[in-house]
Amino acid sequence: MIFVIITITMYQTKKKLREEIAERLKGEWPVNLDDIELVPTPDEKFGDLALSLAFPLAKKLKTNPRAIASRAVELLSGLEGVERIDIAGAGYINLYLDRQSFFEQKFRNLGKSGLEPEEKKIIVEHTNINPNKAAHVGHLRNACLGDTLARCLRYKGERIEVQNYIDDTGVQVVDVVFGLLELEKKSLAEIEKMADRFDYYCWDLYARVSKYLGENEQARNRRAEILKKIEQGNSPEADYAQLVSRRILRAHLATMSRLDITYDVLPCESSILRLKFWEKAFARLKEAGAIYYSTEGETTGCWVMKLEGEEEREKIIVRSDGTVTYVGKDIAYQLWKFGLLGQDFYYEPFATTSDHTIWISSGEPTGYDVHFGGGSKVYNVIDVRQSYLQKVVVQGLKALGYEQEASRSIHFSYEMVALSPRSLSEIKVDLSEEDKERSFLEVSGRKGLGVKADDLIDRLEEKALAEVDKRNPGLQPAAKKLIAAQIAAAAVRYFMLKYARNSLLIFDFDEALNFEGETGPYLQYTAVRLKSIFHKFEERTGITGLELLKTIANSQFSLAGLSPEEARDFWQLVVYGSTLDEEVLRAIATLEFSGLAKFTFNLCQKINGYYHRYPVLAEKNHELRTFRLKTIYFAHEILNQALGLLGIQVPDKM
RNA sequence: GCGCCUGUAGCUCAGUAGGAUAGAGCAGCUGCCUUCUAAGCAGCGGGUCGGGGGUUCGAAUCCCUCCAGGCGCGCCA
């Protein structure tokens, strides 16, 4: 009796193979599962998967690698799903998969991921824009990375909660409130009446206020008064601040929704203050001896935390005037995320669409019985400049005895977005002589220096619309607009993902506005054209998609009937596409999504090459045509999954 | 000063839990729109993987060192 082990994806195929290989070699040599590494071969002539264990083994056993390899080949004969094994070079053991059965298995399991969740609940926190001005391209990088992580984790089967922390009582909001009250003299009613793009208005105002406050001490004192009143709550200033920050928050959510990015919950700093989360955390920190009251040196009168691994370094958590620093609040907030504070916020709906509600925290009971937080693992998407502070927060968790949580509190760091000199001249900023010398400039909300997110997306939509108009003049205006919006979103998302997170992204309009080559629109174009082949097929034959699927699923075309070139190209496409799960796992493990972006791009290149070389609908031989339909159906499904992970939508036409 | 990161083709970047001949895109040059959308495809040229040393059967990848650049090290957030 033969048991056929069905594997859903390449990830599972490799896992099964590794287990079987380890089992068979164990009796002969001292190897375990970890030694069995199956890697893709550099070239088709070396088979599909390679084992290089002969080299280390030969060294250990003081013999030669080829001898080991040839014995291994004997031991591994008849491996399930493997057609043959041979030896190449100095001792590589190359496996040739049984292509026919591999393809059939993978085709039958399309849409299933062979991955399994490992966590109870994962919290992904991203975006976190101060609600005092319009979002800029730096914020887009954060949101795109965070959203893609969330999508990958969901694909893996994890339960995810996406949070977007709103610092609605911080100095940045206060600066804008100060400007509205003292410089612009706007009443609450006037603000409510103000026209669109309030976030743009505040962008300019914030830059003005920053300059003004820098030059005017009295104004700084007045700002401090306002800050205090806002933090205390229950004051006209607090209401004013709430109105301003909420209005800008709505603008941010609208911007992000253009990129298909949304959230589950918006925890606000005002709620943290109102519900005294910090006071609770403070008591715990004192109790655990994690912080102590300093009576000497520069930190006299402060509560400080000793930093581990660094000599004589201490971080102030509570200032000598009794107020808590940013890190302190963040420790309290982090405790809440893990469900360690013994308390939750109240919540109310903030925005609702047909299938999703975004909840916002409240400091007062609301009557809604919903709860958030309490994750078993937490990802904080924050740029690399905050590494030091993130380390302090984690240390706070450790000092409280939460070792588990400390190790599961992950700072997903990424390099900042800067502006190229060319971009700077495009947005017409006046630069100091000193700044002109630099090769790039850091985005700065305070200086009003940056490319606003909506401006970028607007320009992309405009450009995309012009193209759509040219290519599909017959479409309804609304349809054209939708397509242009989808293309613009894809361009932004791919652009933000294609660079490794540790590389400084120097923003350049020409690059961001490109729709050709390694870009989001190229990926969409590939998917649209595949879709179009199926449309045309239905048009010409009258066979519906469902009927077609049935036909191709049941069809069995012997690969021996293909030309050698086609067999090679077909196999390359199939085997590459099957590695999606591995790519996703790798992306999650390394928090590196440029690889997944690249994978999708490479997949598109293979797909485009394939159907250019092997026309589908024009093929006269029915069985061959069905086989090609099956192949591109397979590729199309995987591409759609990959695009879904990247958050890229596929337009109807392009 | 201490810590983290980066240096790969003219430009922008992949590749770094060691593996077989270093890859893309852009830009440049050649071809391909009576054949499923040319946002495409096929091809050409372009490299001392910052320098030097070391470990290894094998190094862009690991270690040391030097050079160049970025970021961080607030009783700001």
Side-chain angles (χ1 to χ4, degrees), chain A residues 37 39 41-43 45-46 50 52 54-56 58-59 64-65 88-92 94 130 167 170-172 269 294 298-304 307 309-311 313 315-327 329-330 383-389 391 413 415-416 418 420 439-440 442 464 467-468 471-472 487 491 498-500 502-506 508 510-511 514-526 528-530 532-537 539-540 586 589-590 592 594-595 597-598 601-602 604-605 608-609 611-613 615-619 628 632 653-654:
Chain A
E37 210 189 346
V39 296
T41 54
D43 191 286
K45 67 179 183 233
F46 298 128
S52 58
F55 299 107
K59 191 178 179 212
N64 80 74
Y92 286 98
N94 293 330
N130 281 313
D167 185 2
V171 289
Q172 308 220 30
E269 179 159 278
S294 170
E298 288 179 345
T299 57
T300 302
C302 300
W303 286 89
V304 299
L307 295 185
E310 298 179 55
E311 302 162 37
R313 285 291 297 279
K315 175 74 195 163
I316 292 165
I317 306 297
V318 178
R319 304 181 187 103
S320 54
D321 68 0
T323 57
V324 59
T325 59
Y326 164 73
V327 194
K329 278 183 276 192
D330 213 10
D383 81 61
V384 68
R385 288 170 296 185
Q386 303 227 30
S387 297
Y388 170 68
L389 292 173
K391 242 172 85 182
S413 81
E415 257 293 354
M416 60 177 181
S420 70
S439 60
F440 64 86
E442 196 176 329
E467 282 298 316
V468 174
R471 293 158 195 255
N472 304 74
I487 293 172
K498 74 189 273 196
Y499 301 99
N502 268 339
S503 83
L504 177 72
L505 201 166
I506 299 176
D508 186 271
D510 286 351
E511 277 173 41
N514 187 19
F515 288 169
E516 283 162 26
E518 196 192 339
T519 67
Y522 171 83
L523 307 185
Q524 288 179 310
Y525 186 68
T526 307
V528 166
R529 286 190 61 177
L530 282 181
S532 162
I533 294 176
F534 291 106
H535 276 201
K536 283 261 155 60
F537 177 80
E539 253 172 49
R540 291 181 193 179
R586 193 183 171 79
T590 58
E592 189 54 82
S594 59
K598 205 65 124 187
F601 171 66
N602 289 334
C604 284
Q605 285 190 314
N608 283 327
Y611 74 66
H612 267 93
R613 280 191 290 278
V616 179
L617 301 183
E619 177 54 46
R628 286 182 183 165
I632 61 163
K653 286 193 170 145
M654 270 180 88

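Since the model is a prediction, treat every value here as computed from it, not as a measurement. Lettering of chains follows the sequences in order, A, B, ..., and the numbering in each one begins at 1. Side chains included, hydrogens not; waters and symmetry mates left out as well; all remaining heavy atoms used.
If you take atom C1' in B:U48 and the same atom in B:A9, they sit 13 Å apart, rounded to whole Å. With both ends at atom C1', the span from B:G40 to B:G25 equals 15 Å, rounded to whole Å. A gap of 36 Å separates the C1' atoms of B:A27 and B:G72, to the nearest Å. B:C63 and B:G1: their C1' atoms are spaced 24 Å apart (whole Å). The gap from the C1' atom of B:A68 to that of B:G50 amounts to 8 Å, rounded to the nearest Å. Distance noted for atom P between B:C49 and B:U61: 10 Å (whole Å). Nucleotides B:C2 and B:G58 are separated by 35 Å at their P atoms, to the nearest Å. On the P atoms, B:U65 is 26 Å away from B:C73, given to the nearest whole Å.
In this structure, A:Ala500 reaches the sugar-phosphate backbone alone: every heavy-atom distance under 4.0 Å involves primed, P, OP1 or OP2 atoms, never a base. A:Ser503 comes within contact range of the sugar-phosphate backbone alone, with a heavy-atom separation under 4.0 Å but no base atom that close. No contact: A:Val304 has no heavy atom under 4.0 Å from any strand. Looking at heavy-atom distances under 4.0 Å, A:Arg628 makes no contact with the nucleic acid at all. The residue A:Tyr499 sits close only to the backbone: its heavy atoms come under 4.0 Å of sugar-phosphate atoms, none of a base. Among the protein residues, A:Ile506 comes within range of no part of the nucleic acid, since none of its heavy atoms lies under 4.0 Å from any strand. Using a 4.0 Å heavy-atom cutoff across all strands shown, A:Asp383 reaches no nucleic acid atom at all. Within 4.0 Å of A:Pro56, counting heavy atoms only, lies at least one base atom of the nucleic acid. Residue A:Leu504 is classed as a sugar-phosphate contact, given heavy-atom separations below 4.0 Å to backbone atoms only. A:Ser387 comes within 4.0 angstrom of no nucleic acid atom, judged by non-hydrogen atoms across all strands.
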Tabulate protein N/O versus nucleotide N/O from nucleotides 43-47 of chain B, keeping only pairs under 3.5 Å, one per line.
none

Which atoms of nucleotides 21-23 of chain B (N or O only) lie under 3.5 Å from a protein N or O atom, and what are those distances?
residue : atom : partner : partner atom : Å
B:U21   : O4   : A:Lys45 : NZ           : 3.0

Short N/O separations, protein against nucleotides 74-77 of chain B, under 3.5 angstrom:
residue : atom : partner  : partner atom : Å
B:C75   : O3'  : A:Arg319 : NE           : 3.0
B:C75   : O2   : A:Ser320 : N            : 3.4
B:C75   : O2   : A:Ser320 : OG           : 3.1
B:C75   : N3   : A:Ser320 : OG           : 2.9
B:C75   : N4   : A:Glu298 : O            : 2.9
B:C76   : OP2  : A:Arg319 : NE           : 2.9
B:C76   : O3'  : A:Arg319 : NH2          : 3.3
B:A77   : OP1  : A:Arg319 : NH2          : 2.2
B:A77   : OP2  : A:Arg319 : NH2          : 2.8
B:A77   : OP2  : A:Tyr326 : N            : 3.4
B:A77   : O3'  : A:Asp167 : OD2          : 3.0
B:A77   : O2'  : A:Asp167 : OD2          : 3.4

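Between A:Asn608 and B:G40 there is no side-chain polar atom (N or O) within less than 4.0 angstrom of OP1 or OP2. Using a 4.0 Å cut-off, some side-chain N or O of A:Arg529 falls inside it from OP1 or OP2 of B:A38.
Ranking B:G19, B:A39, B:C5 by closeness to the A:Ser52 side chain, first place goes to B:G19. The side chain of A:Phe440 sits closest to B:G70 out of B:C41, B:G19, B:G70. Side-chain proximity of A:Gln605 to B:A20, B:C26, B:A24: nearest is B:A24. In the set B:C57, B:C5, B:U12, B:C57 carries the atom at the smallest distance from any side-chain atom of A:Phe55.
Across the protein-nucleic acid pair, A:Glu415 atom CD and B:C13 atom P stand 11 Å apart, rounded to whole Å. Between the P atom of B:A39 and the CG atom of A:Asn472 lies a distance of 10 Å, rounded to the nearest Å. The distance from atom CD of A:Gln524 to atom P of B:A39 is 14 Å, rounded to the nearest whole Å. For the pair A:Asn502 CG and B:G70 C1', the interatomic distance rounds to 12 Å; values are reported in whole Å. In this structure, A:Lys391 places its NZ atom 11 Å from C1' of B:C2, rounding to the nearest Å. Going from atom CG of A:Leu307 over to atom P of B:C4 covers 15 Å, rounded to whole Å. Per the geometry, CZ belonging to A:Phe515 stands 19 Å off P belonging to B:G25, to the nearest Å. To the nearest angstrom, P of B:G72 lies 7 Å from CE of A:Met416.
For A:Glu511, there are no salt bridge (charged side-chain N to carboxylate O under 4.0 Å, His left out) partners at least two apart in sequence or on another chain. With sequence neighbours excluded, the residues forming a salt bridge (charged side-chain N to carboxylate O under 4.0 Å, His left out) with A:Arg613 are A:Asp569, listed by chain and number.
For RNA chain B, the stems formed by at least three consecutive Watson-Crick or G-U pairs, with both atom-pair distances below 3.5 Å, span B:1-7 with B:67-73, B:10-13 with B:23-26, B:28-32 with B:40-44, B:50-54 with B:62-66.
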Do A:Asn514 and A:Thr519 pass the side chain to side chain donor-acceptor pair (under 3.5 Å) test, and can you show the C-alpha distance, the side-chain angles, and the key distance before you say yes or no?
CA-CA 7 Å; A:Asn514 187 19; A:Thr519 67; 6.0 Å; no
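Using a 4.5 Å heavy-atom threshold, the side chains of A:Tyr92 and A:Val39 count as separate. Side-chain contact between A:Ile632 and A:Val616 is present, with heavy atoms from C-beta onward closer than 4.5 Å. A:Glu518 places a side-chain heavy atom less than 4.5 Å from the side chain of A:Lys598.
Side chain of A:Thr325 to backbone of A:Ile317: a donor-acceptor contact under 3.5 angstrom is found. Listed for the A:Arg628 side chain is a donor-acceptor partner under 3.5 Å among the backbone atoms of A:Pro615.
Smallest separation of non-hydrogen atoms from A:Phe515 and A:Ala491: CE2-CB, 4.0 Å.
For the atom pair NZ of A:Lys329 and CG of A:Asp167, the computed distance is 6.5 Å after rounding to the nearest 0.5 Å.
Taking 4.0 Å as the cut-off between side-chain N and carboxylate O, A:Glu592 and A:Arg586 do not count as a salt-bridged pair. The pair A:Arg319-A:Asp321 fails the salt-bridge criterion, with no side-chain N (NZ, NE, NH1 or NH2) lying under 4.0 Å from an Asp/Glu carboxylate O.
Scanning atom types as modelled, one donor and one acceptor separated by under 3.5 angstrom connect the side chain of A:Tyr92 and the base of B:G19. A donor and an acceptor atom never sit less than 3.5 Å apart when one is taken from the side chain of A:Arg613 and the other from the base of B:A42.
Residue-to-nucleotide proximity on RNA chain B shows that, of A:Tyr522 and A:Ala88, the 5′-proximal contact is made by A:Ala88. Taking the nucleotide of RNA chain B with the nearest heavy atom to each of A:Arg540 and A:Glu467, the more 5' of the two is matched to A:Arg540.
Taking the syn range as angles within 90° of 0, the glycosidic angle of B:C33 is syn.
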